[in-house]
Amino acid sequence: MNQRAEREPWDPGAIERKWQAIWEERGTNLHSDDDLRTATRPFYNLMMFPYPSAEGLHVGNMYAFTGADIYGRWRRMLGDFVFEPIGFDAFGIHSENFALKKGVHPMELIPSNIVNFTRQLRRIGAMYDWNHTVDTTDPGYYRWTQWIFLQLFRRGLAEKREAPVNWCPSCKTVLANEQVIAGACERCGTPVEQRFLSQWFFRITDYAQRLLDNLSWIDWSDTTRRAQENWIGRREGAEIHFPIARRKVTDDRHEPAEVHADPHRITVFTTRPDTIFGATFMVLAPEHPRVSDVTTDEQRAEVDAYRQAAIAMDLVARKKTDKRKTGVFTGGYCVNPATGQDIPIWIADYVLMEYGTGAIMAVPGHDERDFEFATQFGLLIVRVIAGPDDTAASPLEGAYIGPGVLVNSDRFDGTDAASASGTITEWLEARSLGSARVNFRLHDWCISRQRYWGPPIPVIYCNACGAVPVPEADLPVVLPFVEDYRPDESGISPLARVESWYRVPCPQCGAEARRETDVSDTFLDSAWYFLRYPSANIDNAIFDDDLIAKWLPVDMYIGGEEHAVLHLLYSRFVTMALHDAGLLPFEEPYTRFRKHGLLIKDGSKMSKSKGNVVIPDAYIEEWGADCFRMYLMFLGPYQEGGDFRDEGLQGVSRFLYRLWDTVVPADQLGAEPASGSIERALHATIRKVTEDIGELRYNTAIAALMEYLNAVREGGRAANRAEVEPLVPLVAPFAPYIADELWQRLGHHQSLFSTISWPGFDADKAIADDVELVVQVNGKLRSRLTVPRGTSEDDVRAAAVADGNVARFVDGASVRKVIFVPDRLINIVVG
RNA sequence: GCGAAAGUGGCGGAACUGGUAGACGCGCGAGACUUAGGAUCUCGUGGGCGCUGCCCCGUGGGGGUUCGAGUCCCCCCUUUCGCACCA
């Protein structure tokens with residue numbers, strides 16, 4: 001008799017449509033503002049909002065969102081009130097470039113992309129709160145982005161200054177660093193130059209120490225924390241002043257000239273003050289303001305030529321480490337404050353104006369770059385650190401960077417180099433020649449973009465009043481529709497072309513004035529979006545203080561490692577600045593952050609250029625959203641990523657079919673209580689799945705579910721309701737549609753996601769009465785014994801030696817030692 | 001160059017504080033069932049051999065510690081990721 005024919009097969013598509021409608025109708029995902037205000041046990045589950053590219057949602061987005069959604073669903077089933085919003089990071093160069101390529105205006109293209117994205121996001125089975133969503137291009141949103149700029153401006157954290165940018169002389173536009181490919185413009189291939197433009201900066205470096213310190217207590221993925229630490233790059237060292245030496249022009253330049261110290265001096269930063277006796281020359285960045293002061297007339301032509309070439313070079317090419325060192329002698333000298341000797345001053349592009357003081361003391365004996373430079377130009381190399389096998393006179397074949405004691409260092413000879421830095425700094429400090437100093441690699445955040453597709457920076461320039469912030473009441477400064485938004489011949493933002501827009505009266509004096517025509521960086525849009533979600537429907541303030549107090553900081557943030565530094569650091573900075581302004585009661589935005597891994601396809605990461613990008617739609621169509629979600633979580637450890645292979649879907653699909661087949665029809669399930677090994681397996685499975693989801697170990701949680709279902713179905717026995725019913729909520733975070741459908745068929749009237757539905761377990765019942773114990777002889781497995789839990793060593797030993805195979809190895813030899821691990825193993829050592 | 005992570009079957013990947021290596025899944029093999037499907041169900045599946053022995057070998061390579069090492073220590077090789085002329 002074929003029972004199967006009577007059974008209703010699993011139809012993923014139909015179930016998805018049914019439950020999407022029910023969840024929306026009952027508001028399972030959706031919350032009103034009142035719900036958010038009155039919620040008990042609030043849990044803010046955040047994921048990184050996507051930028052709505054025209055290609056649509058790709059599998060990498062879905063991987064990220066699904067992993068985060070599983071966590072959110074699980075918290076909800078545990079009884080938390082989970083807020084899980086999504087939005088669109090739709091401003092920025094990516095979006096604008098795509099619009100340019102397509103020839104469609106972004107004001108037209110982006111909304112249609114958002115429609116498409118929304119459609120896709122509704123299918124993947126995430127429980128988004130569509131009542132609280134943000135779109136960074138909405139004036140109701142970027143009004144507050146501009147407002148944040150004003151707050152920072154007011155606090156002195158926003159300032160305008162000149163800075164180098166990449167400039168394409170053919171396209172006549174500024175390029176972002178990522179648009180410069182091998183020193184050339186990505187669009188036309190013309191070599192890129194460096195230009196200086198006046199730009200707005202946020203003084204994030206003022207917060208460097210705090211941004212670093214807080215890393216010690218926030219609960220983040222280690223790798224992400226370390227990436228921020230490296231990016232902030234705190235370095236301890238000293239600033240040391242080198243007096244400029246003036247040479248009298250003599251007939252013979254090679255004769256020692258009369259030297260006198262000049263009150264003018266050049267300051268360097270070094271992390272190795274211990275090596276100062278080995279500083280045999282100084283190098284300035286080509287842009288260093290003192291270059292002309294020290295350059296002699298004879299050298300001026302050469303120096304000017306080098307400077308111009310260096311400054312014209314694009315920033316990316318200049319920082320290439322593998323190119324040969326270049327540089328020019330200025331003709332000037334300064335005095336090494338430790339040795340009293342005068343040393344030549346060079347300029348070279350390997351010294352960067354943006355770090356330290358833009359000037360270095362070169363210690364060729366103990367710095368590889370300086371060694372290379374000195375060798376190339378025949379400059380003096382002095383050893384000041386001797387390693388264990390060296391003497392003060394040992395020749396140097398390369399820079400010695402190992403440990404050792406100081407040599408050729410006058411009164412400091414014999415001191416351990418590592419501990420000498422402080423001593424030498426103090427010695428210099430006592431003579432006003434230097435001081436201890438901490439430096440950061442972190443740079444101020446340049447937020448100006450000479451582009452169209454972003455929020456205009458809310459500043460008005462007046463000849464009389466200077467840079468005047470737009471009054472808050474006048475916000476938003478709406479981005480005007482500009483038909484041709486391409487960068488033009490003027491080389492500044494396309495907004496500079498719209499005179500009717502930028503000509504405004506000065507808010508202070510009423511005189512004719514001009515708007516800032518640059519827009520702000522996309523990273524500013526995304527630096528605060530999570531603050532807005534709960535207050536997304538509030539018009540008269542950036543956020544509601546009660547909602548902020550209730551919902552923030554974010555409880556769990558899951559996102560890609562590619563944002564380990566920029567986005568995550570910027571949002572920490574903005575949060576801190578708003579905290580200091582008294583606007584937020586906390587200074588760290590994300591209590592917990594976990595990175596997810598990267599999906600690999602055919603051995604390399606997915607990218608458009610490789611043509612291996614996977615679009616989820618067809619897979620969802622074919623296998624169902626539940627199956628696709630679950631497969632993504634099964635293919636590897638979530639926090640490490642894994643290999644996407646079509647064939648892998650089969651296994652998860654089979655599992656879900658079997659699950660359906662086991663539960664449906666529910667009235668045919670047996671009524672016996674769970675018992676014996678099945679009961680134990682059930683409790684052990686609940687425990688394992690609960691622990692694994694909490695740690696985002698989704699792949700092993702799914703394996704445990706499969707194992708349990710296999711155990712229930714073993715030998716084709718009929719399942720009992722008590723055995724399979726708890727399995728349904730366990731599967732629910734991964735496969736929410738089929739789970740709610742099965743739950744209903746089991747006779748429940750509430751969705752799994754609107755009640756506390758996560759099953760508990762009894763730890764005692766998860767443990768078997770009997771254990772299998774391993775018998776080793778000399779560390780090699782010889783037998784296994786099944787014994788009651790807690791069997792004593794003596795009993796186990798007696799049973800072990802009675803075993804035939806064990807006896808083979810033990811008999812005739814003397815037992816020297818017995819290692820016994822209760823309920824685990826016994827190891828008999830014979831000799 | 002600096003920093004970090006990782007190397008386990010044909011493949012994706014399991015393995016708690018050192019204690020049965022290969023869970024789970026894919027693929028593959030054999031069989032069952034069936035008017036044949038992208039089925040389903042059973043059994044098998046690291047390698048070797050004197051092949052039915054819980055025998056030998058086996059977690060990138062080489063040493064070491066230990067009763068016992070995928071796991072700990074040292075050296076080397078490879079891959080991936082992040083930062084990179086940061087003084």
Task: Glycosidic conformation of rG9(B), taking syn as within 90° of 0 and anti otherwise - done: syn
Open item on the list: What is the separation between atom OH on Y698(A) and atom P on rG12(B), rounded to the nearest whole Å?
Closed with: 24 Å
TODO: Taking only the side-chain nitrogens and oxygens of R225(A), find out if one of them lies under 4.0 Å from OP1 or OP2 of rA4(B).
DONE: no
Task: rU66(B) phosphate, OP1 or OP2, under 4.0 Å from N827(A) side-chain N/O - done: no
- [ ] Taking only the side-chain nitrogens and oxygens of N230(A), find out if one of them lies under 4.0 Å from OP1 or OP2 of rA4(B).
- [x] no
- [ ] Taking only the side-chain nitrogens and oxygens of K780(A), find out if one of them lies under 4.0 Å from OP1 or OP2 of rC57(B).
- [x] yes
- [ ] For the side chain of F634(A), starting at C-beta, report the closest nucleotide among rG12(B), rA87(B), rG19(B).
- [x] rG12(B)
Open item on the list: Suppose we define a pair by two distances each less than 3.5 Å, Watson-Crick or G-U wobble; what does rG22(B) pair with here?
Closed with: none
Open item on the list: Which label fits W445(A) and Y570(A): parallel for a plane angle under 30°, tilted from 30 to 60°, or perpendicular past 60°?
Closed with: parallel
Task: rG50(B) and rA6(B), which share atom name C1', separated by this distance in whole Å - done: 41 Å
Task: Spacing between L785(A) atom CG and rC54(B) atom C1', to the nearest angstrom - done: 13 Å
- [ ] Check the chi torsion on rG82(B) and let me know: syn if it falls within 90° of 0, anti if not.
- [x] anti
Task: Base partner of rU34(B), which must satisfy Watson-Crick or wobble distances under 3.5 Å - done: none
Task: Basic-acidic side-chain contact under 4.0 Å: D222(A), R225(A) - done: yes
Open item on the list: Could you tell me how far rG18(B) sits from rG68(B) if I compare only their P atoms? Round to whole Å.
Closed with: 16 Å
TODO: Take atom P in rG61(B) and the same atom in rC55(B), then report the distance between them in whole Å.
DONE: 24 Å
Open item on the list: For the CE atom of M282(A) and the CH2 atom of W346(A), what is their distance to the nearest 0.5 Å?
Closed with: 15.0 Å
Task: Electrostatic pair K601(A):D646(A) at N-O distance under 4.0 angstrom - done: yes
TODO: Return the 5'-most residue of the pair A704(A), R226(A) with respect to RNA chain B, ranking by each residue's nearest nucleotide.
DONE: R226(A)
Task: Identity of whatever pairs with rC49(B) - Watson-Crick or G-U, under 3.5 angstrom - done: rG53(B)
Open item on the list: Between R687(A) and rC16(B), is there a contact of a side-chain N or O with OP1 or OP2 at under 4.0 Å?
Closed with: no
TODO: Could you tell me which nucleotide pairs with rA4(B) by Watson-Crick or G-U wobble geometry, both distances under 3.5 Å, or answer none if nothing does?
DONE: rU80(B)
Open item on the list: Please tell me if R654(A) has a side-chain N or O lying less than 4.0 Å from either OP1 or OP2 of rU40(B).
Closed with: yes
Task: C1' gap between rG12(B) and rG3(B), integer Å - done: 29 Å
Open item on the list: If the cut-off is 4.0 Å, is R235(A) near the phosphate of rA87(B), judged by side-chain N/O to OP1 or OP2?
Closed with: yes
Open item on the list: For rC56(B) and R782(A) - does any side-chain N or O of the residue sit under 4.0 Å from the phosphate oxygens OP1/OP2?
Closed with: yes
Task: Between rC56(B) and rC49(B) - C1' atom distance, rounded Å - done: 8 Å
